[in-house]
Amino acid sequence: MKSGAPFRRLMFLVVALIGLVTALPAMALDAVTIPIDAPAVNLTNNLTYFPNPSDRVAVSTAPGPDGIVRRIEVRSADGRPARWAVIALTNTSDQQIDRLLVAPFYRPSKTGLLKPDLGERHIVAITPSQGFAPERLPSNDADVFQLTLDPGSVVTLVFEITTPALPQLSLWQPDAYTASNNSYSLYKGIVLGISGLLAIVLTIVFVVKGTAMFPATAALAWAVLYYIAVDFYFVDEILNINLSDNHIYRASSEVFLSFSLFVFLYAYLNLGRWHIRYSHAAIGFMVLLLGLFGVAVNDPQMAAGIARMALATIGAAGFVLILALAIKGYDRAIMLIPTWFLLIAWMLGAALILTGRLDNAIAQPALSGGLVLIVLLIGFTVMQHAFAGGSVVQDQVGDMERTALALTGAGDPVWDWDVARDHIYTGALAEEQLALEPGTLQGAALEWLAVLHPQDADRFRLVLDAVVEQRRGRISEVFRLRGGDGRFSWFHLRARPVVGADGEVIRCIGTLQDVTEARISEERLLRDAVHDNLTGLPNRELCRDRLETSLRRAGMEAGPRPIMLTIGIDRFQAVNETFGSSFGDSSLLTLARRLERLLQPVDTLARVGGDTFCVIIESERDPERVAALADEMRAAVRQPIVFGEDQVSLTISIGIAVAGVEDGNAGELMRDSELAMVHAKRQGGDRVATFTPILKRLAAELSTLETDFGRALATDEIRIEYLPVIRLRERRLAGFELIARWEHPTRGRIDPAATMEIADRAGLVHQLALVILDRAARLACEWHETVRPEGKPLFSWVNLPGKGVLTQALVDDLRAVNQRVDWPEGSVVVGVTESAVADNPELSQAVLERLRQGHAALALNDVAADWASVGILHQTPFDALRARLPRMKVRGGAIDMNLLRTTAALAHGLGAELFVAGLEQEADVVKLVEAGCDLAAGKLFGPPLNADGARRFADRLANAPDDARRGRTARKLPAAPADPETPEPDKTPEAAE
């Protein structure tokens with residue numbers, strides 16, 4: 001017994017030593033301190049790896065704040081032997097740290113050459129010594145875990161991994177990681193775009209120039225595009241695969257790259273012409289490379305390693321071959337030398353990266369970008385051969401040749417009808433556009449009726465008969481042809497008859513032009529004219545038309561009358577100012593969808609204003625049930641709207657108006673419901689109000705004003721006043737801003753803002769704008785003939801009202817005024833608001849362009865009030881921007897100089913002038929000049945004048961000596977004598993908003 005005691009002690013020491021060795025890596029842990037302000041921390045070198053795989057691991061944690069070392073045991077996720085790594089992190093700050101643990105699937109650095117790491121998921125699970133396990137976040141290119149470190153804590157993390165070591169482990173701030181990915185995404189998008197465009201262009205060149213060199217170059221471009229798409233995980237998203245688990249794609253991309261580079265070198269240098277054995281050797285090498293695609297299916301790592309060695313061999317051998325051929329004077333080899341030098345440099349850099357001698361964050365992007373650059377240079381080199389065939393000799397051509405060349409250049413199919421034989425020839429181009437069988441459009445005119453739209457067939461036949469019978473004229477018709485897929489396309493036929501010696505029509509010949517896109521755009525414009533461009537709902541005009549139809553139908557059938565609801569969003573302007581217009585637009589869309597779900601198909605929901613909707617109820621006739629439906633709408637709208645991190649609950653006020661038996665006017669019914677809605681808002685909002693006759697008293701008073709306004713336009717009660725506009729730097733008169741004011745016979749003088757509002761409600765905005773434009777044109781012409789100022793002519797600035805004024809009728813009226821009065825170029829300025837342009841962008845853009853063609857200068861008003869108008873400035877070349885000075889001031893009355901300078905720089909960058917309205921103090925003049933403002937108007941330069949006062953003011957300022965004018969302050973500019981029609985300065989609204 002005594003002799004066995006030493007042996008037992010020895011065995012006990014051996015077991016203890018084995019346990020000590022097993023736990024040795026964990027006992028040597030030093031906690032890594034995580035800085036609270038560092039955007040990223042590289043933890044790759046701080047990981048401790050366990051040498052042997054096992055199904056479990058026991059780890060001694062790093063000492064905590066109390067100095068105690070604890071021991072944890074972690075089992076593998078599937079119970080099988082796994083590889084393990086451990087690291088300890090500590091948060092020494094007094095704040096909680098939220099970080100992202102990121103381990104990329106694939107990094108070219110240290111991947112090796114012969115048996116490269118092709119990328120995979122490295123981390124199976126992470127087990128912390130305390131707290132919750134890190135949560136895995138979805139990612140296509142990395143293992144990403146959400147990690148939280150409490151203040152003053154020390155956490156030991158045990159990683160279950162699939163490879164002996166991680167290529168990289170980083171700890172990122174979430175925002176920094178997102179920003180890094182976004183910036184890299186932009187770079188990837190640019191590289192992919194360039195590579196894809198280059199592949200397409202080279203493919204087109206291959207189609208045009210069919211020699212072997214061009215398809216080889218196109219194949220190389222597509223190989224690079226495929227390689228980059230795999231490297232950037234773009235193939236992962238397109239094919240919905242996981243590149244980290246399927247290595248075939250990465251291996252095949254490298255094989256394809258080596259194969260295409262060799263084929264390009266062989267084809268470009270035309271090596272087959274030197275000796276047949278070169279061709280045999282090249283074919284053998286290509287077969288070997290093609291065999292690597294099969295190897296990639298079974299062993300992707302081996303295939304990728306062989307492809308990398310083959311790529312290096314091709315680069316080195318090609319370099320020697322190119323130098324040898326260049327010495328012999330071979331032009332193609334000489335032109336390829338710079339590109340091949342760059343390729344060799346790229347290969348050396350790739351070797352340094354793959355072996356780990358060069359390891360940084362830009363290594364992988366640099367490899368992909370450099371590869372695209374190489375292919376781009378190769379493409380340029382090949383292009384020189386593609387288009388080096390000399391220039392086209394320009395000989396003298398006759399009219400017939402020019403006509404034929406022009407017809408060929410236009411690319412439109414030829415339409416030729418042989419009347420005598422009744423045979424139509426169209427050409428293969430039209431049949432290709434319609435995807436029809438060859439010969440479908442060739443034959444008798446009667447056979448064309450089979451491919452024509454049924455609604456166009458009779459018109460087509462009548463047009464042809466009319467041309468033949470009249471023996472003159474010209475065909476210009478648009479009709480629809482059915483394509484091979486059954487869809488109809490619009491075509492414009494333009495032809496004219498050819499008359500023979502006997503006076504009969506022997507043929508009609510012309511062209512067919514596909515105008516489908518133009519017709520679709522026209523239909524879209526027509527739809528936008530009666531629909532809201534944000535929600536797609538009917539607008540006010542279409543709503544009014546449907547309501548009138550419903551009222552007319554109810555009157556004829558003696559049935560129940562429709563019920564009108566007007567819905568207004570409470571305090572919607574405050575929501576827009578708080579959260580921005582994007583949230584406001586999203587809220588309008590959400591509310592529109594919620595309201596639509598509560599309505600029946602026969603009901604109509606329309607958006608009639610910025611925050612106002614109308615509903616025509618025809619599915620319900622009982623007012624009590626309609627009131628219950630309105631309560632359901634309020635409840636649906638009150639549900640919170642989530643937009644990103646913001647969440648807002650909105651409320652609505654609803655006005656209900658029931659059409660009576662005698663009521664047949666849609667406008668009256670809409671106005672009644674609007675009055676009820678306004679009444680509901682005045683009661684505090686979020687309620688339903690039904691129209692009652694007492695509310696009509698207010699409507700009657702407003703209706704009287706609207707009726708009187710039409711009489712005012714006819715009896716010249718609308719007075720035009722002229723506010724002087726001064727060019728600040730020269731202290732010269734630049735022109736006048738025209739202000740419309742109503743001189744009511746009983747109510748007295750009505751301010752310009754109210755005048756515009758009454759005109760809008762009366763539907764006479766267009767007539768008022770025409771009056772102002774006519775007056776502006778006549779006085780602009782008169783001032784130019786009598787005053788003749790130095791430099792630019794005096795202008796007349798006309799501010800058009802808000803929405804609905806930019807129509808074709810305005811263009812026609814402006815042209816009519818221009819025919820009566822030929823004003824100088826730039827002397828009539830038409831100012832529009834951002835809301836007028838944004839209401840229907842496509843139609844407004846067309847109208848503005850036609851106004852410019854009518855010799856009118858264009859201006860955008862209140863550009864500094866809502867920076868949403870910046871997008872409009874890049875679509876329409878405005879000549880001036882108008883801003884209001886009070887809106888550019890902060891609290892205390894000081895001018896926001898940064899905003900002012902930014903607005904001036906924006907105007908000058910677009911080639912426009914900046915006009916600032918509302919100038920009242922002499923001290924602000926210097927600031928405006930320093931900021932770059934060009935024009936100004938306001939009380940500082942005197943009150944608005946009547947026509948005679950404006951003439952005297954312009955004449956005195958234009959005839960004043962130049963030195964006196966420059967030395968005069970703004971308050972000392974000459975002014976016209978007081979006029980009884982001119983309002984007092986302190987009662988004049990600023991710039992006639």
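Minimum heavy-atom separation, Arg594 to Pro640: NH2-O, 3.2 Å. A pairwise comparison of heavy atoms in Ala85 and Ile161 identifies CB-CD1, 4.3 Å as the closest pair. Ala38 and Gln173 get closest at one heavy-atom pair: O-NE2, 3.2 Å. Listed here is the closest heavy atom pair of Ile126 and Pro134: O-CD, 3.7 Å.
Counting non-hydrogen atoms of other residues, nucleotides and ligands closer than 6.0 Å to CG of Asn45 gives a total of 12 or fewer. Heavy-atom neighbours of Arg638 CZ from other residues, nucleotides or ligands within 6.0 Å: above the threshold of 12. Heavy atoms from other residues, nucleotides or ligands lying under 6.0 Å from CE of Met347 number more than 12.
In this structure, a donor-acceptor pair under 3.5 Å is present between the side chains of His122 and Thr163. Side-chain contact of Ser252 with Tyr226: a donor-acceptor pair under 3.5 Å is present, judged by distance alone. When only modelled atom types and interatomic distance are considered, Asp570 and Thr651 share a side-chain donor-acceptor pair under 3.5 Å.
With hydrogens and angles ignored, the 3.5 Å screen pairs a side-chain donor or acceptor of Thr903 with a backbone N or O of Leu899. No donor-acceptor distance shorter than 3.5 angstrom exists from the side chain of Arg83 to the backbone of Thr162, with no hydrogens or angles considered. In this structure a side-chain-to-backbone donor-acceptor pair under 3.5 Å is present from Ser54 to Arg56. A donor-acceptor pair under 3.5 Å links the side-chain atoms of Thr590 to the main chain of Ser586, judged by distance alone. Gln130 places no side-chain N or O within donor-acceptor distance of the main-chain N or O of Ser153, the cut-off being under 3.5 Å.
Atoms OG and CG, from Ser195 and Leu371 in turn, are 8.0 Å apart once rounded to the nearest 0.5 Å. For the atom pair CG (Asp175) and OG (Ser180), the distance works out to 12.5 Å, reported to the nearest 0.5 Å.
Under the side-chain contact (heavy atoms from CB on, under 4.5 Å) criterion, Ser93 pairs with Ile36, Asn91, Gln95, Ile97, not counting sequence neighbours. Under the salt bridge (charged side-chain N to carboxylate O under 4.0 Å, His left out) criterion, Arg634 pairs with Asp631, Asp686, not counting sequence neighbours. Arg901 is linked by a salt bridge (charged side-chain N to carboxylate O under 4.0 Å, His left out) to nothing, counting only residues two or more places apart in sequence or in another chain. The salt bridge (charged side-chain N to carboxylate O under 4.0 Å, His left out) search around Arg308 returns Glu254, not counting sequence neighbours. With sequence neighbours excluded, the residues satisfying side-chain contact (heavy atoms from CB on, under 4.5 Å) with Ala77 are Val124, Glu160. For Leu348, the side-chain contact (heavy atoms from CB on, under 4.5 Å) partners two or more places apart in sequence, or in a different chain, are Ile344.
Residues Ile87 and Thr156 have side chains not in contact (no heavy-atom distance under 4.5 Å, counting atoms from C-beta outward). In this structure the side chain of Gln146 reaches within 4.5 angstrom of the side chain of Asp98, judged on heavy atoms. When side chains are defined from C-beta on, Phe159 counts as touching Leu47, because their heavy atoms get closer than 4.5 Å. The closest side-chain heavy-atom distance from Thr90 to Val32 is not below 4.5 Å.
The residue from Leu373, Ile378, Leu376 that alone fulfils the side-chain contact (heavy atoms from CB on, under 4.5 Å) condition with Thr339 is Ile378.
Between Asp143 and Arg136, at least one side-chain N (NZ, or NE/NH1/NH2) sits under 4.0 Å from a carboxylate O, which counts as a salt bridge.
Taking the ring centroids of Phe50 and Trp84, they lie at or beyond the 6.0 Å cut-off.
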